[in-house]
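A quick write-up on the structure given underneath.
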Amino acid sequence: MKHLSEILKGIEHKAVNYRDVEVAKITFDSRAVEPDTVFVAQVGVHVDGHKFIDNAIDSGATVILCQNLPDTLRDDVVYIQTSDSSYALGVAAANFFGNPSHRLKLIGITGTNGKTTTVTLLHRMFRNLGYSVGLLSTVVNKIDEQEIPATHTTPDAIELNSLLQRMADNGCEYCFMEVSSHSIVQQRIAGLQFFGAIFSNITHDHLDFHKTFAGYIAAKKAFFDNLPATAFALTNKDDRNGMVMLQNTKARKYTYSLQSMADFNCRIVENTLQGLLLSVGGKEVWTQLVGKFNAYNLLAIYSTARLCGIAEDEALTALSRLQAAEGRFEYVNGSGKMAIVDYAHTPDALKNVLQTVNDIMNDNQRLIVVVGCGGDRDALKRPLMAQIAADMCHTLILTSDNPRTEDPERILDDMEAGLNTAQKNTTLRITDRRQAIKTACTTAQTGDIILVAGKGHEKYQEINGVRNHFDDKEELSNILNLK
């Protein structure tokens with residue numbers, strides 16, 4: 001139990017019927033209300049929580065935290081009015097759980113691509129170095145090696161602080177966390193104290209939510225703008241918007257780069273299907289990851305380790321032991337053919353993976369690409385992704401990804417719109433993803449490379465609100481007779 005006065009610390013508000021009541025729970029879901037609950041009414045994207053205030057009170061809520069007071073106020077209920085209830089929820093949740101982000105070193109990464117790989121490998125590196133570490137990612141949340149299923153890239157403020165409390169209680173010294181642009185705008189990270197922040201890159205994505213690219217950039221930048229002076233801010237200097245992230249931050253500023261002078265530099269010596277030979281700060285290190293995009297991820301990881309006080313040689317040795325995150329450039333071999341599964345679901349990510357494959361192929365190999373685009377998401381990237389794939393492979397197969405509530409055929413129409421007449425005539429359109437993967441495998445000849453992009457680590461295909469089991473890697477293994 002917490003007193004209401006503790007929960008309201010740091011929140012500007014006006015109170016009606018104020019009493020410093022004891023609080024057993026905080027929630028923004030009226031269906032989860034129990035006696036002695038603080039119910040936070042948010043003005044959401046789809047639903048206005050203010051409509052459920054009476055339901056929450058009937059279920060036992062004794063405190064209502066809201067932006068707009070109801071027309072009728074009950075004498076036995078405390079009403080707390082604030083200008084932004086989503087921000088207030090973040091701060092209140094942090095207070096309720098004892099501000100767990102103050103009890104460990106929380107490091108967040110934001111950017112279009114590379115977030116999951118970077119936090120996952122940072123978690124592995126620091127575990128290998130003997131630290132107790134938490135992980136908050138798209139794929140899974142972890143306390144050391146204990147897995148906790150992930151439902152969003154960044155959890156809601158209550159779940160987030162609950163997880164951080166569990167990490168702190170378990171002795172975690174660090175937590176590495178993906179910070180999505182949605183979570184920044186929706187104030188899910190309000191109330192958290194970050195030890196450091198990393199910017200990877202920003203390319204076309206999520207314009208269904210942010211509406212404009214400028215709005216998307218502003219969302220990422222807000223994360224850095226709100227860092228304390230005690231934190232570090234690490235940015236990719238090679239991204240054209242990398243330095244924008246540092247413009248107004250109070251944090252200590254650092255840069256990393258493959259192309260120009262920076263605080264942390266790296267050069268690709270060799271790039272093969274077996275891995276990367278990198279020169280980091282003038283010292284060579286062999287890594288098991290592939291591609292220029294992974295050189296950036298590895299440099300961000302190394303830079304972060306150094307900013308956390310890890311010695312240079314120790315950080316390089318740990319870097320050399322890292323393996324790719326699940327669904328990120330993962331290999332499946334069989335029948336003399338090589339297949340690659342990758343999560344690439346944005347134009348830039350797809351281009352990076354295709355460029356990597358093209359760089360390491362020989363003249364006798366062909367590249368066959370299977371790719372789709374998700375439904376109920378940014379439709380503007382669909383023709384771009386098809387165009388990029390068609391330009392950089394020998395055979396393109398357009399298929400369904402997670403159509404969600406959209407008609408899969410409409411999504412494929414949008415993708416086909418990015419192809420010229422010649423490309424359309426040589427592109428296969430197979431809506432059924434299983435059949436598309438099978439066709440790619442049977443079309444491929446010995447020595448060819450198959451890339452199945454878009455879903456990566458996901459073990460499902462979402463169609464009309466139902467998640468059906470589907471695993472690209474499993475499908476490839478079965479078809480290539482490995483099982």
Give a yes-or-no answer on whether the side chains of [X] and [Y] include a donor-acceptor pair shorter than 3.5 Å.
X: E458; Y: N402; result: yes
X: H469; Y: E474; result: yes
X: H182; Y: R188; result: no
X: S257; Y: D238; result: yes
X: N55; Y: D58; result: no

Tell me whether the count of non-hydrogen atoms from other residues, nucleotides or ligands lying under 6.0 Å of [atom1] in [X] goes above 12.
X: K351; atom1: NZ; value: no
X: R321; atom1: CZ; value: no
X: K237; atom1: NZ; value: yes
X: M1; atom1: CE; value: yes
X: K250; atom1: NZ; value: no

request  = First locate atom OH of Y87, then atom CD1 of I189, and finally report the distance between them rounded to the nearest 0.5 Å.
outcome  = 11.0 Å
inquiry  = I need the single residue from L234, I109, L299 that forms a side-chain contact (heavy atoms from CB on, under 4.5 Å) with T304. Which is it?
reply    = L234
Please answer whether the main-chain N or O of [Y] pairs with a side-chain N or O of [X] as donor and acceptor at a distance below 3.5 Å.
X: T37; Y: F39; value: no
X: S320; Y: T317; value: yes
X: Q67; Y: S85; value: yes
X: D239; Y: N241; value: yes

task = With K455 as the cation and Y460 as the aromatic partner, state whether NZ or CZ is under 6.0 Å from the six-membered ring centre and within 45° of the axis.
result = yes
inquiry  = Tell me every residue that passes salt bridge (charged side-chain N to carboxylate O under 4.0 Å, His left out) with D472, counting only those two or more places apart in sequence or in another chain.
reply    =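 Counting only residues at least two positions away or on another chain, D472 forms a salt bridge (charged side-chain N to carboxylate O under 4.0 Å, His left out) with R433.
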